[in-house]
Amino acid sequence: MPQTAAPRPRVLSGIQPDFSLHLGNYLGALRNWARDQDRFENFFCIVDLHALTQHPDPERLRSLTLELAAMYMACGLDPNRCEIFVQSHVPAHTQLCWILETLTPMGWLERMTQFKARSQAQGSERINTGVFAYPVLQAADILLYDADVVPVGEDQRQHIELCRDLANRLNSQRGDVLKVPAALISQVGARVMGLDTPDEKMSKSLAVDRPGHAVLLLDPPDVVRRKVARATTDTEPAVHKPLGAGVANLLEIYAALHEISVDAALEAFEGKSYSILKGAVADAIVDALRPIQARYADLRGDEEGLRRVLAESAARVHLVADATLQRVQKAVGLR
Ligand code: TRP
């Protein structure tokens with residue numbers, strides 16, 4: 001008898017095309033997305049509307065959008081098994097966002113730690129309301145596709161909670177309209193820390209002014225080696241417990257790249273000098289980046305091909321998103 005395959009759970013995630021991707025993005029996100037792509041029905045978005053809250057130079061935004069699309073694929077996302085699309089190509093994102101905004105109490109958004117950090121840094125006269133509404137647009141991204149799971153870093157947990165709260169709120173008011181998604185916080189490689197400041201998560205924006213902060217996925221081998229060689233360790237001469245944060249981070253990177261446990265990595269380097277550890281970590285990074293960079297060069301070089309992938313995917317996901325939007329519009333009385 002022919003077996004009918006059980007429907008696979010739907011996964012959705014997204015990255016802003018704001019800065020170049022780094023090793024933490026690969027180990028914490030892209031590598032896991034690629035590895036799991038046969039377990040899920042896959043929706044991966046390039047969230048250019050979110051990036052707009054940072055007022056990027058238009059030419060730069062256009063180019064980073066294509067760069068990110070090429071990098072998704074270079075890291076292993078297969079356009080035959082994944083939707084890879086640009087948020088702004090699908091108007092339903094902003095349409096659902098508005099409806100959700102009318103359901104979002106100001107207090108919920110005022111409590112978001114990312115918003116609080118940015119508004120404290122910039123002040124309410126300088127911060128734009130897109131930053132305030134950012135998590136509502138993110139909720140629209142997720143809810144439009146009836147996503148079951150949303151793989152994100154720990155820093156996004158609060159935004160996913162808000163998304164769930166919004167779905168539950170509409171469902172309790174208007175009957176079951178939206179699927180309530182769950183966050184999927186990856187354990188392995190989820191928290192790659194800054195090489196210069198191992199108490200801070202590796203961050204795309206911090207890497208801009210501090211080249212020693214992160215290994216970028218497009219860094220050539222000599223740059224990788226230099227950055228790793230300069231990574232912060234501690235004053236101990238060799239790898240010993242208790243591990244300083246910098247040494248723990250290097251072991252974590254090594255373990256993630258070799259797909260072994262951190263304990264096994266510690267065993268391999270116990271008592272060895274930091275320069276031996278750093279050499280091995282740099283080798284592992286260079287080996288992992290080599291095929292990614294080769295694929296990236298091909299993909300980014302074929303701009304027409306890239307645009308075609310994005311347009312075809314947008315045309316397909318548009319249908320899914322519109323169906324959900326119409327359901328919500330009916331539920332609230334807009335149609
Ligand atoms: N806010 C997310 C981040 O900065 C990016 C994002 C936008 C996202 N929309 C999303 C992540 C939907 C997951 C699902 O990392």
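The first residue of the sequence shown is numbered 1, and numbering continues consecutively from there. Ligands are counted one by one from 1 in listed order, and the atoms in each one are counted from 1 as well. Remember, predicted model here, so these are calculated numbers, not experimental data.
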Return a table of donor-acceptor pairs under 3.5 angstrom between the side chains of residues 100-116 and protein atoms on other chains or two or more places apart.
residue: T102; atom: OG1; partner: I99; partner atom: O; Å: 2.6
residue: T104; atom: OG1; partner: L100; partner atom: O; Å: 2.6
residue: T113; atom: OG1; partner: Q158; partner atom: OE1; Å: 3.1

| message | A side-chain contact here means heavy atoms from C-beta on lying under 4.5 Å apart; do L21 and L30 qualify? | response | yes
| field | Ring center gap for W33 and Y72 short of 6.0 angstrom | value | yes
| request: Tell me, please, which residues at least two apart from P291 pass side-chain contact (heavy atoms from CB on, under 4.5 Å). | output: R295
| task | Please state whether the rings of H159 and Y134 are parallel, tilted or perpendicular, taking 30° and 60° as the class boundaries. | result | tilted
| request: Could you list who else is in L52's hydrophobic cluster, with ILVMFWY side chains joined at under 4.5 Å, directly or through other members? | output: L61
Which N or O atoms of ligand 1 sit under 3.5 Å from a protein N or O, and how far apart is each pair?
residue: ligand 1; atom: 1 (N); partner: Y134; partner atom: OH; Å: 2.7
residue: ligand 1; atom: 1 (N); partner: Q138; partner atom: OE1; Å: 2.9
residue: ligand 1; atom: 1 (N); partner: Q156; partner atom: OE1; Å: 3.0
residue: ligand 1; atom: 4 (O); partner: Y134; partner atom: OH; Å: 3.2
residue: ligand 1; atom: 4 (O); partner: Q156; partner atom: NE2; Å: 3.4
residue: ligand 1; atom: 9 (N); partner: D141; partner atom: OD2; Å: 2.7

